[in-house]
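Let me begin by presenting the structure, written as C-alpha cells, before commenting on it.
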Amino acid sequence: MTIQEIFIVNLKAYRKLQGLSQTQLANLCESSTGYIGEIESGKRFPSVKMIERLAATLGIESWHLFKNEPVTASYSDRFTKLAPTQKKEIAKLANSALSKILDGF
C-alpha cells in the first residue's frame, strides 16, 4: 500500500468509528463534502494543515492517519459520547492552546 492508500483507509475508518458522514466531517473541519470525497477517493491529497484539522476533529494525533495497522475502536472510547459540536469545540480549544504555547517560543 502507498502512503496515500493507508491515509485513505485510516481516514475512512476513523470517520466511521466516530459515526460521521463525509458531510458531517466536512462541516466540522470547515471544508466541503466534495473535498472530503475527493480525499477519500484518492483524487486529492490534503495539505498538512488539513491533515491536522481532520485529526483534531477525529480526536486523534495526525500520525494515526498514516499507521499501517488496523484501526480499532479503543482510542475513541472517551470521544464516542460527545456530540459533533462538542468535538469541534474541543478541537478549537486545543488549537488555541497550542497557538498560545507556540507564541511563547
Side-chain angles (χ1 to χ4, degrees):
M1 274 180 141
T2 66
I3 294 282
Q4 184 173 7
E5 291 168 335
I6 292 167
F7 179 87
I8 291 167
V9 167
N10 289 339
L11 177 61
K12 287 180 185 179
Y14 283 114
R15 176 177 61 76
K16 290 176 183 179
L17 277 174
Q18 292 292 335
L20 297 172
S21 66
Q22 287 182 348
T23 301
Q24 291 169 318
L25 180 60
N27 290 337
L28 291 169
C29 289
E30 299 175 355
S31 184
S32 72
T33 302
Y35 183 57
I36 299 298
E38 289 177 342
I39 292 170
E40 288 191 0
S41 67
K43 293 178 183 170
R44 297 187 68 184
F45 195 78
S47 67
V48 171
K49 189 171 201 90
M50 183 55 150
I51 291 168
E52 290 172 344
R53 284 196 339 228
L54 288 165
T57 299
L58 295 168
I60 59 172
E61 294 182 44
S62 55
W63 63 268
H64 286 272
L65 294 167
F66 296 95
K67 281 181 17 178
N68 194 8
E69 297 175 4
V71 171
T72 62
S74 62
Y75 90 95
S76 65
D77 291 343
R78 63 182 183 256
F79 295 102
T80 56
K81 293 185 174 40
L82 296 177
T85 54
Q86 291 172 307
K87 293 174 188 175
K88 186 175 182 178
E89 185 61 27
I90 290 169
K92 283 183 180 180
L93 291 171
N95 285 334
S96 175
L98 182 59
S99 293
K100 288 178 183 177
I101 291 168
L102 293 176
D103 286 343
F105 288 101

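Values below: all heavy atoms of this structure, side chains included; hydrogens, waters and symmetry mates excluded. Nothing here was measured: the structure is a model prediction, and the numbers come from that model.
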*side-chain hydrogen bond (donor to acceptor under 3.5 Å, both in side chains) with T33: which residues, sequence neighbours excluded?*
T23
_Common cluster, L25/M50, ILVMFWY with side-chain heavy-atom separation under 4.5 Å_ = yes
*Who pairs with K16 by salt bridge (charged side-chain N to carboxylate O under 4.0 Å, His left out), at least two apart in sequence or on another chain?*
none
*Applying side-chain contact (heavy atoms from CB on, under 4.5 Å), run through N10 and F66 and close with a yes or a no.*
CA-CA 7 Å; N10 289 339; F66 296 95; 5.8 Å; no
*Can you list every pair that meets salt bridge (Lys or Arg N to Asp or Glu O under 4.0 Å) and has a residue in residues 58-68, with sequence neighbours left out?*
K67-E69
*asked:* Please list all pairs meeting ring-ring contact (aromatic ring centres under 6.0 Å, His included) that have one or both residues in residues 38-59, counting only residues at least two apart or in different chains.
replied: F7-F45
_Could you list the cluster mates of M1? Members are the ILVMFWY residues connected by side-chain heavy atoms closer than 4.5 Å, either directly or through other members._
I6, V9
*Mind checking what makes side-chain hydrogen bond (donor to acceptor under 3.5 Å, both in side chains) contact with Q4, not counting sequence neighbours?*
none
Hey, can you pull the donor-acceptor pairs under 3.5 Å for the side chains in residues 36-43, sequence neighbours left out?
{"from": "E38", "atom 1": "OE1", "to": "R44", "atom 2": "NH1", "distance (Å)": "3.4"}
{"from": "E40", "atom 1": "OE1", "to": "R15", "atom 2": "NH2", "distance (Å)": "3.0"}
{"from": "E40", "atom 1": "OE1", "to": "Q22", "atom 2": "NE2", "distance (Å)": "2.7"}
{"from": "E40", "atom 1": "OE2", "to": "R15", "atom 2": "NE", "distance (Å)": "2.7"}
{"from": "S41", "atom 1": "OG", "to": "G37", "atom 2": "O", "distance (Å)": "3.0"}
{"from": "S41", "atom 1": "OG", "to": "E38", "atom 2": "O", "distance (Å)": "3.2"}

_Residue pairs passing the salt bridge (Lys or Arg N to Asp or Glu O under 4.0 Å) test where at least one lies in residues 3-13, sequence neighbours excluded_ = none
*When rounded to the nearest 0.5 angstrom, what distance separates SG in C29 from CD1 in I51?*
11.5 Å
*Just jot down the side chain to side chain contact (heavy atoms under 4.5 Å, CB included) partners of A55, sequence neighbours excluded, or say none.*
I60, S62, L65
_Suppose the criterion is salt bridge (Lys or Arg N to Asp or Glu O under 4.0 Å): which pairs have a residue in residues 47-58, not counting sequence neighbours?_
none
*asked:* Measuring from atom CG of L11 to atom NE2 of H64, what distance do you get when rounded to the nearest 0.5 angstrom?
replied: 14.0 Å
*Heavy-atom distance under 4.5 Å between the side chains of L17 and L58, does that happen here?*
no
*Same hydrophobic cluster for Y35 and I8, using side-chain heavy-atom links shorter than 4.5 Å among ILVMFWY?*
no
